[in-house]
Colleague: 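This is the structure, below, for whatever I ask next.
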Amino acid sequence: MRIATWNVNSVRARLPVVRQWLQQSGVDVLAMQETKTLDETFPVAEFRDMGYDIAISGQKTYNGVAIASRVAMSNPVKGWDGRDPSRILAVEIAGITVIDGYLPHGGERGDEAFQRKLAFFEGFRAYLDRAYPADRQLLLVGDFNVAPEPIDVWAPEEMQDAIGFMREERDALEHLRAWGFVDLFRTFHQEQQYTWWDYRMNMFKRRMGMRIDHAWGSKNLSVRVVDCLVDVEPRTWEKPSDHTPVIVTISS
DNA sequence: ATGGTTGTGCAACAA
């Protein structure tokens, strides 16, 4: 089974690109972030036509998460403790709990949103401690808006104040990971690889990006994972998202 | 220091 995560930056604006990628990749599950639309205006029929059932937790204009699956999916849970329903969506698929997360961007140091970002990571970790036993088969995927290590950004020395690579953000990310997750991409690949490139300043063409989209497995899930890779291709297409998909392959 | 781009929705904000 293959499960992917992709910040699509508006599911309606991105429909042609998402359709093309789903058809050529043939992944079983796609967790999306920044769908930017209400559940009522989500293009459900378009996903059904491609053979995918859909779980949605959206809002107008901002945020929004959704999971498309062509294998049986059950027990959708929006948010954590009822909070942030447009950022967190969990479902059960083949005995695996898949959590789709769009973690806060946070802005610059000193912005109100920056402290809220750090508090989100702390609070969400505490929620995972309460909600899930450590032996659970758990897959946490999504746009975490933080790059973990120097290799995951294009200029680590000059980026100490860059959104997504500040010391406080990296510490918050590591604290969340320490629930018991394994960074699946880094387990299988040691090379530099980004998942997001700013639309501005030709950052993609200049190969200046960050690895801020992640797939993390609990111990008991990670032993079943046989690969995790980044598919850069859809970032080269017309009208792309600024992010590109990460794919996890799990042995049956 | 600012600007650069994209999406939503039609001005301004978020990323």
Side-chain angles (χ1 to χ4, degrees), chain A residues 5-21 30-44 46-47 56-66 79 83-89 100-121 124 141-148 152-155 157-166 168-170 172-173 194-214 230 232-246:
Chain A
T5 177
W6 193 5
N7 180 325
V8 295
N9 185 18
S10 172
V11 69
R12 290 186 293 174
R14 214 61 62 211
L15 203 52
V17 158
V18 171
R19 181 185 278 121
Q20 171 67 27
W21 189 76
L30 175 60
M32 289 167 276
Q33 304 88 39
E34 280 205 90
T35 52
K36 292 188 173 180
T37 198
L38 292 164
D39 296 1
E40 307 89 271
T41 45
F42 194 101
V44 173
E46 286 81 349
F47 281 86
I56 320 167
S57 192
Q59 72 173 59
K60 191 175 172 165
T61 310
Y62 304 115
N63 310 325
V65 284
R83 302 168 59 171
D84 299 297
S86 68
R87 290 187 179 277
I88 300 290
L89 175 62
D100 182 11
Y102 174 52
L103 306 197
H105 177 270
E108 312 275 355
R109 254 193 211 100
D111 291 357
E112 235 176 85
F114 186 72
Q115 287 308 319
R116 284 203 303 271
K117 178 180 194 175
L118 301 182
F120 187 106
F121 276 78
F124 187 56
V141 298
D143 176 1
F144 298 1
N145 266 310
V146 184
D152 299 312
V153 301
W154 55 274
E157 322 75 34
E158 294 103 73
M159 292 173 71
Q160 300 300 314
D161 301 319
I163 297 164
F165 195 61
M166 286 179 265
E168 303 93 311
E169 297 174 292
R170 294 170 60 198
L173 182 74
Y194 308 135
T195 64
W196 170 82
W197 300 259
D198 201 310
Y199 283 126
R200 296 168 289 190
M201 305 287 289
N202 269 313
M203 296 296 260
F204 181 67
K205 278 184 181 163
R206 295 160 71 195
R207 302 169 185 267
M208 295 156 84
M210 296 173 72
R211 189 171 71 95
I212 58 175
D213 300 86
H214 301 290
V230 177
V232 178
E233 192 190 328
R235 188 64 177 78
T236 69
W237 296 347
E238 288 296 309
K239 293 267 296 173
S241 169
D242 45 352
H243 297 250
T244 211
V246 179

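The chains referred to below are lettered A, B, ... by the order of the sequence lines, with proteins before strands, and numbering in each begins at 1. For clarity, every value in this text was computed on a predicted model and none was experimentally measured.
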Colleague: How close or far is atom P of dT5(B) from atom CE of Met208(A), stated in whole angstroms?
Modeller: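 Rounded to the whole Å, the gap is 15 Å.
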Colleague: Looking at Arg19(A) and Glu46(A), is there a salt bridge between them, counting it only when a charged N and a carboxylate O are closer than 4.0 Å?
Modeller: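 Arg19(A) and Glu46(A): not salt-bridged.
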Colleague: Measure CD/Gln59(A) against C1'/dG7(B) and give the value in whole Å, please.
Modeller: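 After rounding, the gap between these two atoms is 14 Å.
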Colleague: With distance as the sole test, does Trp196(A) use its side chain to make a donor-acceptor pair with the main-chain N or O of Gly209(A) at under 3.5 Å?
Modeller: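 Flag not set: sc Trp196(A) to bb Gly209(A) has no pair under 3.5 Å.
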Colleague: Please state the P separation for the pair dG4(B) and dG9(B) - nearest whole angstrom.
Modeller: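 Going atom to atom, P in each nucleotide, I get 25 Å.
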Colleague: Any side-chain heavy atom of Asn9(A) within less than 4.5 Å of one from Arg14(A)?
Modeller: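 Result yes, sub-4.5 Å side-chain heavy-atom pair found.
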Colleague: Which listed nucleotide (dA15(B), dG7(B), dG9(B)) is nearest to the side chain of Asn63(A)?
Modeller: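 Ranking dA15(B), dG7(B), dG9(B) by closest atom to the Asn63(A) side chain puts dA15(B) first.
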Colleague: For dT6(B), give its Watson-Crick or G-U wobble partner with both distances under 3.5 Å, or none.
Modeller: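 Partner of dT6(B): dA14(B).
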Colleague: Which nucleotide wins on minimum distance to the side chain of Arg200(A), given the candidates dG4(B), dG9(B), dG7(B)?
Modeller: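 Nearest nucleotide to the side chain: dG4(B).
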Colleague: Measure from CE on Met210(A) to P on dA15(B) and round the result to the nearest Å.
Modeller: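 Rounding to the nearest Å, CE of Met210(A) and P of dA15(B) are 15 Å apart.
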Colleague: Kindly indicate, with the supporting measurements, whether the criterion side chain to side chain contact (heavy atoms under 4.5 Å, CB included) is fulfilled by Val232(A) and Phe204(A).
Modeller: CA-CA 10 Å; Val232(A) 178; Phe204(A) 181 67; 3.8 Å; yes
Colleague: Can you tell which of dG9(B), dA14(B), dA15(B) lies closest to the side chain of Tyr62(A)?
Modeller: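 Side chain of Tyr62(A) sits closest to dA14(B).
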Colleague: Taking atom P of dC13(B) as reference, at what distance in whole Å does atom NZ of Lys60(A) sit?
Modeller: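 In whole Å, dC13(B) P and Lys60(A) NZ are 17 Å from each other.
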Colleague: Quick one: on DNA chain B, does Thr35(A) or Asp198(A) contact a more 5' nucleotide (nearest heavy atom)?
Modeller: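 The answer here is Asp198(A).
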Colleague: Rounding to an integer number of angstrom, what distance separates dT2(B) and dT6(B) when you compare their P atoms?
Modeller: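 One P to the other, the span is 23 Å.
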Colleague: So if I take every side-chain heavy atom of Tyr199(A) and compare against dT8(B), dT6(B), dA15(B), which nucleotide ends up nearest?
Modeller: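 That would be dT6(B).
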Colleague: How many whole angstroms separate atom NE2 of His243(A) from atom C1' of dT6(B)?
Modeller: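 The distance from NE2 of His243(A) to C1' of dT6(B) comes to 11 Å, rounded to the nearest Å.
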Colleague: Could you pick out which residue, Val11(A) or Met201(A), lies toward the 5' side of DNA chain B when each is mapped onto its nearest nucleotide?
Modeller: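 Taking each residue's closest nucleotide, the earlier one in sequence belongs to Met201(A).
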Colleague: Asn202(A) has an atom CG; how far is it from atom C1' of dT6(B), in whole Å?
Modeller: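 Distance, rounded to whole Å: 14 Å.
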Colleague: At under 4.0 Å, does any side-chain N or O of Ser10(A) touch on OP1 or OP2 of dT6(B)?
Modeller: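 Indeed not, no polar side-chain atom of Ser10(A) lies that close.
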Colleague: With a non-hydrogen cut-off below 4.0 angstrom, is Phe204(A) in contact with a base, only sugar-phosphate, or nothing?
Modeller: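 Here Phe204(A) touches no strand at all.
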Colleague: I want to check one thing: is the phosphate of dG7(B), taken as OP1 and OP2, less than 4.0 Å away from some side-chain N or O of Arg14(A)?
Modeller: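 Indeed, a polar side-chain atom of Arg14(A) lies that close.
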Colleague: Could you tell me whether the phosphate oxygens of dG7(B), OP1 or OP2, come under 4.0 Å of any side-chain nitrogen or oxygen in Lys239(A)?
Modeller: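 Lys239(A) to dG7(B) OP1/OP2: side-chain N or O found under 4.0 Å.
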Colleague: Is the backbone of Leu38(A) close enough, under 3.5 Å, to the side chain of Lys60(A) for a donor and an acceptor to pair up by distance?
Modeller: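 The answer is no, because no donor-acceptor pair under 3.5 Å joins these two groups.
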Colleague: Ser86(A) and Gln59(A): which non-hydrogen atoms are nearest, and at how many Å?
Modeller: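 Scanning both residues completely, I find the closest heavy atoms to be OG-OE1, 2.7 Å.
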Colleague: How far, in whole Å, is dA1(B) from dT5(B) if one measures between their P atoms?
Modeller: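 It works out to 22 Å between them.
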Colleague: To the nearest Å, how far apart are Glu112(A) CD and dC13(B) P?
Modeller: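 One finds 15 Å between P of dC13(B) and CD of Glu112(A), rounded.
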Colleague: Measure the distance from CG on Asp143(A) to P on dA14(B) and round it to the nearest whole Å.
Modeller: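 These atoms are roughly 17 Å apart.
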